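For clarity, every value in this text was computed on a predicted model and none was experimentally measured. The chains referred to below are lettered A, B, ... by the order of the sequence lines, with proteins before strands, and numbering in each begins at 1.
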Amino acid sequence: MKKIITRFPPSPSGHLHLGGARTAVFNWLYARHMGGTFVFRIEDTDAARSTQASVDGITEAMQWLGIDWDKGPYFQSQRLDIYREHIQKLIDGGHAYYCTCTPAQVEDMRKKAMETGGKPKYDGTCRQKGLAGANGAVVRFKIPEAGVTVLNDAVKGRIVFQNGELDDFVICRGDGTPTYHLAVVVDDITMGVNTIIRGDDHVNNTPKQMLLFQALGSELPTFAHVPMVLGADKTRLSKRHGATSVTAYRDQGILPDALVNFLVRLGWSHGDQEFFTREDLIEKFSLDTIGRSAGVFNPEKLLALNADHIKASSPGKLAEHLMPFLKDAGYQATPGSYLEQAIETLQARSRTLVDMARDIRFYFEDVTVYDEKGEKKLFRREALPPMTCLVEKLDALEDCSHAALEAVFRSVMEETGLGLGKIAQPVRLALTGTTVSPGIFEIIAVLGKEKTIARLKAAIAHIEDTTDR
RNA sequence: GGUCCCAUCGUCUAGCGGUCCAGGACGCCGGCCUCUCACGCCGGAAACCGGGGUUCGAUUCCCCGUGGGAUCACCA
């Protein structure tokens with residue numbers, strides 16, 4: 001069994017979007033599953049479109065997703081000599097030729113062919129000329145005139161292409177730089193890549209690349225073309241569909257594990273299982289259960305999955321991901337057990353880290369304003385006796401365990417003759433400033449006696465100030 | 001337009017000839033639990049694109065139609 005080598009080769013001309021992230025995840029998972037190697041390569045042969053900002057952005061997104069690479073990043077712009085060598089090899093071997101047709105001429109022949117109902121392809125004008133490398137001449141690959149190229153795709157099965165449908169594409173530009181097809185194939189050969197998992201928008205490129213592999217005397221890799229990710233309108237995912245960059249999801253409070261889980265499940269399945277940890281994925285991922293049809297991106301489901309991952313995550317790990325949000329909000333939060341306990345009370349009720357950062361506020365800041373509606377409804381004079389009673393009992397309490405607190409509330413209920421609902425709501429408003437929060441015992445247990453009593457007293461004073469006798 | 005791919009609930013999907021009056025998940029609608037909100041639990045509505053074959057039997061295999069997508073650069 002040979003060692004599996006996969007790769008992810010983005011072109012640095014924008015951010016890492018969901019579709020790209022998914023193919024990165026697939027390649028990474030497959031390599032990990034097979035105990036293989038995952039190569040990261042930057043396809044920047046088009047200098048005009050490539051930017052350092054994109055390289056940085058993509059790298060950052062990969063790291064956030066937790067996709068680590070074993071080799072690279074390689075930059076095609078630094079491998080020009082290697083490409084030139086292979087181009088020369090193709091020319092020498094009669095697989096490629098120089099062409100001096102101008103872009104305008106080629107454009108023209110395509111247009112004419114289109115008008116007469118023919119195939120819009122290069123007509124082979126320079127094919128037999130045996131031109132020597134002239135200034136500004138391009139190099140074209142010589143496609144076999146007859147026959148077929150058969151792709152045995154790992155997910156789509158057997159696909160047959162008529163070579164006659166292909167045209168002699170450019171492999172080397174007038175300025176001597178290689179084009180995409182040439183560079184990819186040479187890279188994959190020289191880097192030992194033997195498994196290529198990519199979007200199925202590449203299937204039509206595949207025969208050209210297969211021919212290139214063969215002309216260079218190299219064994220064919222395994223191809224696995226995975227279906228596209230579409231937007232709700234069933235067209236290719238783009239900015240129109242809202243946030244599509246990976247980092248945008250990070251900023252919306254999505255956990256990397258949730259996004260990875262979601263992306264993989266879009267197009268791949270393992271029976272009825274929906275929730276996967278990273279380890280789970282590595283163990284179970286395989287090429288043969290990748291679906292064949294395109295999938296629509298469904299933000300609701302991502303959110304639901306994110307909620308599940310938040311629930312399943314450890315408070316410590318969540319704290320790491322939450323810290324940036326807390327900093328942004330300006331809270332005086334530091335990593336540690338207080339933070340983790342606070343997080344624990346919110347795990348079941350947060351769909352995103354943004355939700356959590358919002359709802360965690362009262363743990364870090366004193367309550368200065370009360371929810372208006374809640375105040376009107378709950379901060380009446382009837383609330384005074386139970387609150388006062390609670391303060392007294394709390395004051396005498398040694399430990400603030402959940403059980404002890406429950407006992408305290410029970411006795412307050414007995415003394416005042418009120419139900420828990422009548423007592424808990426005003427207390428909640430006093431402690432959090434809102435009418436919605438985690439359970440009242442949980443809150444007090446985390447907040448501690450001091451803060452709880454101080455807030456209760458403040459609320460009592462507030463009620464006395466604002467209500468009539 | 002040529003070429004290529006795809007087709008199960010609104011969406012993600014299970015199903016690899018009979019176990020399917022089609023299963024799970026998200027969302028939606030009821031109910032339960034309950035100190036609020038969630039969580040959780042229980043229940044419900046909701047799909048095999050159409051037509052031909054093949055077969056004792058098609059959601060599953062084949063063909064055609066229809067619909068959707070991808071791609072046709074000196075971009076990747």
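Applying the 3.5 Å distance criterion, the base of B/C35 shares a donor-acceptor pair with the side chain of A/R428. With hydrogens and angles ignored, no donor-acceptor pair closer than 3.5 Å exists between the side chain of A/D44 and the base of B/A76. Judged by distance alone, with hydrogens and angles left aside, A/R292 brings no side-chain donor or acceptor close enough to the base of B/C6 to form a pair under 3.5 Å. Taking only distance into account, the side chain of A/K301 meets the base of B/C12 through a donor-acceptor pair shorter than 3.5 Å.
Nearest nucleotide to the side chain of A/V170, out of B/C74, B/U13, B/C4: B/C74. Residue A/M228 places its side chain closer to B/A70 than to any other of B/A14, B/A70, B/U11. Nearest to the side-chain atoms of A/H202 among the listed nucleotides B/G2, B/A76, B/G69 stands B/A76. Closest to the side chain of A/L266, from the set B/C26, B/U36, B/U13, is B/U13.
For A/D153 (side chain) and A/H225 (main-chain N/O), a donor-acceptor pair under 3.5 Å exists by modelled atom type.
A cation-pi arrangement is not found for A/R198 relative to A/F223, the charged atom failing to lie both closer than 6.0 Å to the ring centre and inside a 45° cone about the ring normal.
Using a 4.0 Å cut-off, no side-chain N or O of A/S293 falls inside it from OP1 or OP2 of B/G69. Side-chain nitrogen and oxygen atoms of A/R351 include at least one within less than 4.0 Å of the OP1 or OP2 phosphate oxygen of B/G27. A/K311 has no side-chain polar atom (N or O) that falls below the 4.0 Å cut-off from OP1 or OP2 of B/A38.
Nearer to the 5' terminus of RNA chain B, by closest-nucleotide assignment, is the contact made by A/A294 (compared with the other of A/A294 and A/S437). Toward the 5' end of RNA chain B, the nearer of the two residues A/D308 and A/H181, judged by each one's closest nucleotide, is A/D308.
Salt-bridge annotation for A/D168 and A/K142: absent, with no side-chain N of the basic residue lying under 4.0 Å from a carboxylate O of the acidic one. Under the 4.0 Å criterion applied to side-chain N and carboxylate O atoms, A/K377 and A/E375 are not assigned as salt-bridge partners.
For B/G67, the paired base is B/C6 (Watson-Crick or G-U wobble, both distances below 3.5 Å). The partner of B/G43, taking Watson-Crick or G-U wobble pairs whose two distances both stay under 3.5 Å, is B/C29. Pairing partner, B/U34: none, since no Watson-Crick or wobble contact has both distances short of 3.5 Å.
When the P atom of B/C12 is taken as reference, atom CG of A/L303 falls 17 Å away, rounded to whole Å. Atom P of nucleotide B/C5 and atom CZ of A/F161 are separated by 7 Å, given to the nearest angstrom.
B/G44 and B/C37 have their P atoms separated by 26 Å, with the value rounded to a whole Å. Separation of the P atoms belonging to B/C61 and B/A14 is 13 Å when rounded to the nearest angstrom. A gap of 15 Å separates the C1' atoms of B/C35 and B/C39, to the nearest Å.
Using a 30° and 60° split on the angle between ring planes, A/H462 and A/Y370 fall in the tilted class, from 30° to 60°.
Side chains of A/E274 and A/N261: no donor on one and acceptor on the other come within 3.5 Å.
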